[in-house]
Structure formats: structure tokens, C-alpha cells
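Taking it in order: structure first as C-alpha cells, then the write-up.
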There are 2 protein chains.
Amino acid sequence: MSIVARHDLHFLVHRLSRGFPLSDMEASAISHLPIMLKHVEAGADILREGDPASEACIVLEGLVCRYEIVAEGGRQIQAYHIPGDIPDLAGLHLQTLEHNICALRPSIVAMVSHRALHILIAEHPQIGARLWRETAIDAAVAHAWVSNIGRRTARARMAHFLCEMLARYQALDLASDTIPCIITQLELGDSQGMSVVHVNRVLKSLKRAGLIEMRGKNIRIRDQVALQFAGDFDPSYLHLSEAVH
Amino acid sequence: MSIVARHDLHFLVHRLSRGFPLSDMEASAISHLPIMLKHVEAGADILREGDPASEACIVLEGLVCRYEIVAEGGRQIQAYHIPGDIPDLAGLHLQTLEHNICALRPSIVAMVSHRALHILIAEHPQIGARLWRETAIDAAVAHAWVSNIGRRTARARMAHFLCEMLARYQALDLASDTIPCIITQLELGDSQGMSVVHVNRVLKSLKRAGLIEMRGKNIRIRDQVALQFAGDFDPSYLHLSEAVH
DNA sequence: AGATGACCTTAACGCAGGTTAGCCTCATTG
DNA sequence: CAATGAGGCTAACCTGCGTTAAGGTCATCT
């Protein structure tokens, strides 16, 4: 853990620039945010439910998720966060958050104080708008998950989810046809509302149909179009490339 | 439909004031937003998926929902909106929205142009922060729905949902123990990810247990504490009353 | 090299909840 | 007041998926 002023926030800058580039001044203001790097091991919590929020974390490397424990010990993973994401951005305007954030794989995150963010936003309203947009996208993705879990069969649901993850990594140029992080079947089940056993069945079915294959522990999408069809997937809700108005 | 400058936005002002009151100037700036009233009949769409967004709607009266049609004709209701809510606030920062908004009951909404909102926010940054907070709460509620639909049994899920609706109406002083709007069993099913038939079974079970009862077409919660227990419900995710920082 | 533990895989069994279908009630309308 | 239609209710049947259990692979540790 160390204080750094010029570490790599480029995935964040990239995200916020989607649609319409930030000015050099704005990009540089972001890069110069006072951050504290934190190396988190797999399975470790970064933020606990109910913690009073005074800083936010930006994912730089690895895989982070937001989850909640519901009655009877079940864990529901509500969102996955990849480099450039700010899992707890909502905390900037809420007293406490009702979910936990943890690293699923060894990860590196940058902690930024809310104070610094508020100053940044006050000086650069445009950055505020872009961050607000991130909050809106977060909500849009969550709503898409509601539809996915509520109305689709397990197979379509899994296909939809895999399309989402691949598309997000592709937008960062971190993937072409293989989801570059490892997600265990237990994690897949905990996020898609199904049991591990059924995850296995569904993956098998997608493999048999030639839509995906396993590459070591990673998932390779063999036929993205067919998988999108199977999952009734339309990437627009991710707002990966639209202009700002 | 008529242009009015002083209609009743008091539920909105109330929402935005939660935790810490707005200044008189701010409250009055909101009340003087140039709005266009729209009376919408039950079942009518207010906004269609993919419409380029240039205005937002504020619910004044009635019941509005956000929904999406998934493959094979199923409808998933992603959120219910009651007076004071802005169902399409996210559109302020996104090009297009991926969902539809429709009135479930005869409703009155106020349409505000994004231009007017941008001006309001520029002149009153505090209002911008409060609106941003609304976006964050919207996301928090959606995440709670993911947990609800993903991990809870139909019975607990329904209990949780009823608690949510009641709590939201109570926060507006529009309810004590009865959810003041009518929600049909079909709508309940489409939002909770279950069939009408099963909605009926579950409601019956909650009735038999003395947790709820029907009052005409409305649902009365007979034992709020027990219902919260049955639904593993904790209202904090709704952020109904917390202070702003 | 054997032990340990995390994860994957498959089979067998059972149930929560979907589907289909039919009837009932009540409000609205001509 | 008869006709229509929206919504509620219930029964019978069936299936997608959960549960339990057991064995397999692989990496890591001693």
C-alpha cells in the first residue's frame, strides 16, 4: 500500500471518455487524483455492508464483485467489476452502502477519498457529469440483470451473462473471444441465481452446441453471434460507446 | 396537457429534501421548473425503448413502471414508480434508454425538458447532487431486486416486495398499513419473476398466515414486522431518511 | 510423494413453481 | 339487464432446477 499520484488510471479515463473525449486538462486532473494503491488478495473484502463511506475504490487490475448475503446463508453477487469500474461510486452520495465489495481474484484497486472527488467535480463539472453517467449505467446494468434473472431460462441467462462480460472486456481491448478473468462455477451460480450443479449442466449444453469452450480455466466464446442470439442479448444497455450530450 | 409553472411538485421536493432540507431558493427553483402536465391512461406507454431522450417525466399521481419485453413475449417489470419519482432520470446522461415506461393506473406526470434540468443543476449544484443521489438509489433498489429475485423463494420474495412498496408510500405519508395503489396479480408476477398462478398461491399463503389481507383490490399489511421477517427485509437500501454529506 | 483443498463433473431424486384450463366475480357499457 | 372483458381463484399435471452425494482433476504444501 503506497501513496502514488501517477499510477495507471487509464482504464477509468477511457471509460469516462466514451462517446466524447475528455479535454487534456480533465484527463490529467483525473490522472493526478491522490490515490492510495491497495493490493487485495482473492476472497478479501474491500468494503463491508454498512461501513460509513468516505472513500471510493477504482478497480485497476483483477476482478471485483458486489454481493449481499441473504437469509439462510445464500450469497447473491449483484455485479462484477473490471478495470476502470468504480464499484462503490454510489457511496459518494449515500451515507452507507447495503452491499459488500470483495475481490474474487487477486486485484489492485486505487482508493480515492470522497473529498478529493468532490473537489475534482467542483473544478471540472464535465467530469461530474461523466461520473453521474457511470451511476446511471450501473443502474441500467442492474435492471438488465433483473430481466435476465427474472424472465430467462438458465441457459439463456448464462448466455446473456457471458455476452455481457465479453462485451465489457472487448470495450477495454482486453479480450477478443475469451473472457480474460477466471469466474468459478460457484460464482456464476451465485450471480445468476442458480445452483453450481445447474451451472455445470448449462455450460455443458452451451459447449455441446459449439457456442463456447473452455481454455484452461477461461471461457472462450466460439460463436459470439449465436451466443447473443441464445441469450437474447443486445449490448446497448451497457452504453459502451455512445456520445454524450 | 397544459403548460403550468406552479403545479404540485411537492413530492419531488420532499424526496430531494430527505436527510437534509433544501434551501428555500432551491425548493422554489424546483417548483418553478417549466413543466408540461400529462394525463396518462392506464396501460399507455410514456416512453418507448430507444426513444431519443430529451425530456424527463416526474410522477405526480398514479402508478408508473419501467419494463422490458424479453424474448418469447415475456414482460419484466423492473421498477415501480410512485409520486415524486423520476423514472427516466438516467436519460439525462444517456443517449437512449433500453426500457419502456408506462402507466399501470391512470396517472399524471410532469414532463421537463433536459435543457431546463441542466440549467437548474448548473445554477444549483446542490440540486444536482440530490438528483445524482436519486440515480444512486435507483441503482441500489435494482440491486436489491436482483438479490430478491435471484435468491429468495417466491413467498419471501413477495413479502419483501410488499414491504418495499409499503415503506416507500409510508415515507410520503401516503400509507399507514395499506398499499394505496392497485397492483394486479399479473403485474406482481411480471415484476417478481413468477407466474400469475403462483402469485395467487403465495398471496394466499401470506393471507392464511395473517400477514396481509385484501381490502377491496388493495393489499393491507396486517403485521408489518412479521412480513419484514418473512421477506428478510431491511429498508436501508431505500435510503428513505438519511442525511446528506 | 503423499496429503490437502479448491474446483469440476455427473447421477439420482424430489420439489417449487410453471403451464393449461376452467370457472367465478365484478365493473363497465349499450 | 344482458353482454363483455378484466382480473381473481383453483385444480391437475408436469418440468426445470435444487439438493445431496460421490468421485475426479489439478495445484500447492510439507
Side-chain angles (χ1 to χ4, degrees), chain A residues 41-44 63 70-77 102-106 148-159 161 179 181-208 212-220 230, chain B residues 41-44 63 70-77 102-106 148-159 161 179 181-208 212-220 230:
Chain A
E41 52 186 306
L63 182 65
V70 296
E72 278 116 55
R75 168 178 72 162
Q76 175 68 44
I77 294 178
C102 84
L104 292 174
R105 303 283 88 79
N148 206 27
I149 300 179
R151 289 246 88 81
R152 277 191 262 265
T153 63
R155 199 185 122 111
R157 190 147 89 232
M158 183 62 69
F161 171 74
I179 296 174
C181 64
I182 296 164
I183 308 181
T184 69
Q185 297 190 3
L186 200 146
E187 287 155 6
L188 285 173
D190 282 352
S191 59
Q192 299 309 296
M194 50 183 124
S195 66
V196 210
V197 175
H198 206 57
V199 168
N200 193 277
R201 287 196 271 248
V202 162
L203 287 178
K204 193 163 110 186
S205 146
L206 293 175
K207 268 184 251 173
R208 246 191 292 112
I212 63 170
E213 73 182 19
M214 304 307 295
R215 263 207 181 170
K217 299 217 152 197
N218 289 3
I219 296 172
R220 185 169 93 86
Chain B
E41 52 185 306
L63 181 64
V70 296
E72 279 116 55
R75 169 178 72 162
Q76 175 68 44
I77 293 179
C102 84
L104 292 174
R105 302 284 88 76
N148 206 27
I149 300 178
R151 289 249 87 82
R152 278 190 262 266
T153 64
R155 199 184 122 111
R157 190 147 90 229
M158 182 62 69
F161 171 74
I179 297 174
C181 64
I182 296 164
I183 308 181
T184 69
Q185 297 188 4
L186 200 146
E187 287 155 7
L188 285 173
D190 282 353
S191 59
Q192 301 309 296
M194 50 182 122
S195 66
V196 210
V197 175
H198 205 56
V199 168
N200 194 278
R201 286 197 271 249
V202 163
L203 287 178
K204 193 163 109 185
S205 146
L206 293 176
K207 269 185 252 174
R208 248 191 291 109
I212 63 171
E213 74 182 17
M214 303 308 294
R215 265 207 179 171
K217 298 217 151 195
N218 289 2
I219 296 174
R220 185 169 92 84

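Quick note on labels: first sequence line is chain A, next is B, and so on, each numbered from 1.
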Contacts of type side-chain hydrogen bond (donor to acceptor under 3.5 Å, both in side chains), residue B:Arg152, not counting sequence neighbours: B:Asn148, B:His160, B:Asp232
Applying side-chain contact (heavy atoms from CB on, under 4.5 Å), can you list everything that pairs with A:Arg201, at least two apart in sequence or on another chain? A:Val197, A:His198
Can you check the A:Glu41 CD to C:dA6 P distance for me, whole Å? 14 Å
Give a yes/no answer on whether the side chain of A:Lys207 brings an N or O atom under 4.0 Å of OP1 or OP2 in C:dT9. yes
side-chain contact (heavy atoms from CB on, under 4.5 Å) involving B:Asn200 - partner list, sequence neighbours excluded: B:Gln185
Where along nucleotides 16-24 of chain C does protein come under 4.0 Å, by heavy atom, of base (B) or sugar-phosphate alone (S), with - for untouched nucleotides? -BBBB----
For A:Val202 and A:Leu188: C-alpha separation, side-chain torsions, deciding distance, then whether side-chain contact (heavy atoms from CB on, under 4.5 Å) applies. CA-CA 11 Å; A:Val202 162; A:Leu188 285 173; over 6 Å; no
Side-chain contact, heavy-atom cut-off 4.5 Å: A:Arg105 with A:Thr184? yes
Rounded to whole angstroms, how far apart are CD on A:Gln185 and P on C:dC7? 11 Å
Checking A:Arg151 now: which residues fulfil side-chain contact (heavy atoms from CB on, under 4.5 Å) with it, not counting sequence neighbours? B:Val70, B:Gln76, B:Asp190
Contact check, side chains of B:Glu187 and B:Ile182, non-hydrogen atoms, under 4.5 Å: no
Output all residues satisfying side-chain hydrogen bond (donor to acceptor under 3.5 Å, both in side chains) with A:Arg155, sequence neighbours left out; order by chain, then residue number. A:Ser205
Nucleotides bounding contact with chain A, strand DNA chain D, heavy-atom threshold 4.0 Å: D:dC17 to D:dT20
Nearest whole Å is fine: how far is C:dC7 P from A:Leu104 CG? 10 Å
Mind checking whether B:Ile183 and B:Leu63 have side chains closer than 4.5 Å, heavy atoms only? yes
For B:Ala44, all residues meeting side-chain contact (heavy atoms from CB on, under 4.5 Å), sequence neighbours excluded: B:Val40, B:Glu41
State which residues pass side-chain hydrogen bond (donor to acceptor under 3.5 Å, both in side chains) with A:Arg220; sequence neighbours excluded, sorted by chain then number. A:Asp177, A:Glu213
Estimated bend of the helix from C:dA1-D:dT30 to C:dG30-D:dC1 (axis per five terminal pairs, rounded to 10 degrees): 40°
Whole-Å gap separating C1' (C:dC8) and CG (A:Leu203): 10 Å
